Novice: 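Please read through the structure below; I'll follow up with questions.
The chain is numbered in sequence order, starting from 1. Nothing here was measured: the structure is a model prediction, and the numbers come from that model.
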Amino acid sequence: MTQRNASDMFTNAVKSIKMGIEDYAVDTPSRALSAVRNFYAGVLLLGKEVLIRKVPLADPDEVIGARYMPVPNDQGGVEHVNEGGQTINFHTLGKRFKAFKIPIDTRELEELNDLRNNIEHRFTDQPAQAVREAIARAFPITVAMFHQAGEHPADVLGDAWQSMLEVRALHKKELARCRSSLAGVDWVSPTVANEHLRCTECGSDLIEQRDAENPNQEAMDLICRNCGAEPGWDEAIVDAVDRALGGEAYIRAKETGEPGPIYDCPSCDRHAYIDEEEACAVCGETFEYEHECARCHGGIPLEDALVGFNEGLCSYCTYIANKDD
Ligand SMILES: [Zn+2]
Ligand SMILES: [Zn+2]
Ligand SMILES: [Zn+2]
């Protein structure tokens, strides 16, 4: 029974991915949405199948249930039942993979979720382009999941596999062209230099500058080849900083309660001042301040200096000094 459920799910995963590729091939706005829906539904089913195959003796329903609730088992104990019958989504799939010790790029997975939602909520006049990117970006994770399920995509996807390879190749070419237009930019921040820009409207990687010869970041005239938006260079940099360091900021806040590594810039107000770089990724401002407290010789953290404790005292000594007044 368990085995049959598992292979049903795999069959449906493959069917759904194939349908997505077929919808993509039709290339009309109405089919674009169903292409992305089908393809991503297939990838999600595939992810569930990977989990189920990892624990062949478990009940599949218990493996893919989203939430569990303890209920009394009438023997003085509890059993955990699937609450609401919901199954995991893209957001929780990464967590479950982690718990099952199956390697997966969770950041990539969450970005796929965003990408899909963006396409759901946005009309695009270039549907084929948007779908191509959605499929190309999901490509590495999809192939990894097939392998984790002990299958090879070429064996099960048939013609759809060839189409997927073509989609990826085409997307790679477009991406290379976009990136080459930004290759000569003299970035203020090494973090931004290492992180690629993305469209702040649709999340696409297919962003380029109109003048490929321009080396100045503040003179970049950006255009998204996916949705046609023209994001400001400063917004695109704030977004890149957030993608590069936002995860670290979250962990820092959660584990130590400390701010950083990104701060509001005292000069341009953008949330792009990076503490390790001691400079703003947007305007290049470097904030000069006393690093050592004149009274207690303790270190003065950047956030204290930024809020105005710049009399050479740390926030504690400032508090003490004000109390004595
Ligand atoms: Zn865009
Ligand atoms: Zn700034
Ligand atoms: Zn002090």
Side-chain angles (χ1 to χ4, degrees), residues 1-21 23 33-121 134-135 137-153 156-157 160 203 246-247 250-251 254-255:
M1 186 66 195
T2 297
Q3 194 49 46
R4 223 199 71 209
N5 281 344
S7 48
D8 278 355
M9 187 165 302
F10 185 72
T11 308
N12 287 335
V14 169
K15 208 188 276 174
S16 199
I17 288 172
K18 277 181 170 174
M19 267 159 53
I21 298 291
D23 285 330
L33 198 52
S34 76
V36 173
R37 278 185 187 153
N38 282 325
F39 188 84
Y40 277 59
V43 174
L44 184 58
L45 284 171
L46 184 58
K48 291 177 182 174
E49 176 71 7
V50 170
L51 294 172
I52 290 168
R53 290 192 182 185
K54 174 87 176 175
V55 285
L57 301 180
D59 176 351
D61 291 338
E62 287 184 11
V63 175
I64 60 172
R67 271 185 302 170
Y68 289 91
M69 177 173 58
V71 290
N73 64 0
D74 295 334
Q75 287 157 3
V78 291
E79 61 176 307
H80 289 85
V81 300
N82 187 349
E83 194 182 346
Q86 282 180 346
T87 62
I88 40 175
N89 55 24
F90 263 115
H91 209 69
T92 41
L93 188 64
K95 277 189 197 162
R96 193 100 5 135
F97 263 64
K98 221 172 155 188
F100 276 55
K101 297 195 166 60
I102 307 169
I104 197 164
D105 187 338
T106 44
R107 182 172 141 173
E108 193 68 30
L109 203 60
E110 273 164 27
E111 284 178 3
L112 291 188
N113 200 36
D114 295 344
L115 206 63
R116 188 193 55 178
N117 290 342
N118 269 334
I119 293 176
E120 290 269 350
H121 296 120
I135 293 172
R137 289 261 293 270
F139 189 94
I141 263 190
T142 309
V143 171
M145 283 179 175
F146 270 115
H147 290 160
Q148 284 160 343
E151 308 273 355
H152 193 281
V156 288
L157 289 176
Y250 175 78
I251 291 167
K254 200 173 149 197
E255 289 178 1

Novice: Does Pro103 offer a backbone N or O that forms a donor-acceptor pair with the side chain of Gln148 under 3.5 Å?
Specialist: yes
Novice: Classify the ring geometry between His152 and His147 as parallel (under 30°), tilted (30 to 60°) or perpendicular (over 60°).
Specialist: tilted
Novice: Just verifying a value: how many Å separate Leu112 CG and Ile135 CD1, rounded to the nearest 0.5 Å?
Specialist: 11.5 Å
Novice: When you measure from the centre of the six-membered ring of Phe39, is the NZ or CZ of Arg116 under 6.0 Å away and within 45° of the axis?
Specialist: no
Novice: Would Leu51 and Ile88 count as a side-chain contact (heavy atoms from CB on, under 4.5 Å) if you check the C-alpha gap in whole Å, the side-chain angles of each, and the deciding distance to 0.1 Å?
Specialist: CA-CA 11 Å; Leu51 294 172; Ile88 40 175; 3.5 Å; yes
Novice: Looking only at heavy atoms, which two atoms of Gln75 and Asn73 are closest? And how far apart?
Specialist: N-OD1, 2.9 Å
Novice: Drop me the distance from Ile104's CD1 to Ile141's CD1, to the nearest 0.5 angstrom.
Specialist: 4.5 Å
Novice: Are any side-chain N or O atoms of Thr142 and backbone N or O atoms of Ala138, one a donor and one an acceptor, separated by less than 3.5 Å?
Specialist: yes
Novice: Where do Asp61 and Asn82 land on the side chain to side chain donor-acceptor pair (under 3.5 Å) test, with the steps shown first?
Specialist: CA-CA 8 Å; Asp61 291 338; Asn82 187 349; over 6 Å; no
Novice: Drop me the distance from Thr11's OG1 to Glu49's CD, to the nearest 0.5 angstrom.
Specialist: 8.0 Å
Novice: Between Phe146 and Val14, what is the shortest heavy-atom contact and its length?
Specialist: CE2-CG2, 4.1 Å
Novice: Are any side-chain N or O atoms of Tyr40 and backbone N or O atoms of Ile17, one a donor and one an acceptor, separated by less than 3.5 Å?
Specialist: no
Novice: Has the side chain of Thr92 got a donor or acceptor atom that lies under 3.5 Å from a matching backbone atom of Asn89?
Specialist: yes
Novice: So, does Arg137 use its side chain to make a donor-acceptor pair with the main chain of Glu111 at under 3.5 Å?
Specialist: no
Novice: Determine, stepwise, if the pair Thr87 / Lys48 fulfils side chain to side chain donor-acceptor pair (under 3.5 Å).
Specialist: CA-CA 9 Å; Thr87 62; Lys48 291 177 182 174; 2.8 Å; yes
Novice: Backbone N or O of Asn38 within a donor-acceptor pair of the Ser16 side chain at under 3.5 Å?
Specialist: yes
Novice: Would a 4.5 Å heavy-atom cut-off, applied to side chains only, mark Val50 and Phe97 as touching?
Specialist: yes
Novice: So does Gly247 get a backbone contact from the side chain of Arg107, meaning a donor-acceptor N/O pair under 3.5 Å?
Specialist: no
Novice: Could you tell me which non-hydrogen atom of Lys54 sits nearest to which non-hydrogen atom of Phe100, and how far apart they are?
Specialist: CE-O, 3.3 Å
Novice: Nearest 0.5 Å, please: how far is CD in Glu108 from CG in Leu115?
Specialist: 9.5 Å
Novice: Please say which of Met9, Met145, Glu151 ends up in a side chain to side chain contact (heavy atoms under 4.5 Å, CB included) with Leu46.
Specialist: Met145
Novice: Would you say the side chain of His91 lies within less than 4.5 Å of the side chain of Glu110, judging by non-hydrogen atoms?
Specialist: yes
Novice: Checking the side chain of Arg53 only, and the main-chain atoms of Ala149 only, is there a donor and an acceptor separated by less than 3.5 Å?
Specialist: yes
Novice: When rounded to the nearest 0.5 angstrom, what distance separates CG in Leu93 from OG1 in Thr106?
Specialist: 10.5 Å
Novice: Please report the shortest heavy-atom distance between Ala66 and Arg96, naming the atom on each side.
Specialist: O-NH2, 3.7 Å
Novice: With side chains defined as the heavy atoms from C-beta onward, is the minimum distance between Val156 and Phe10 less than 4.5 Å?
Specialist: yes
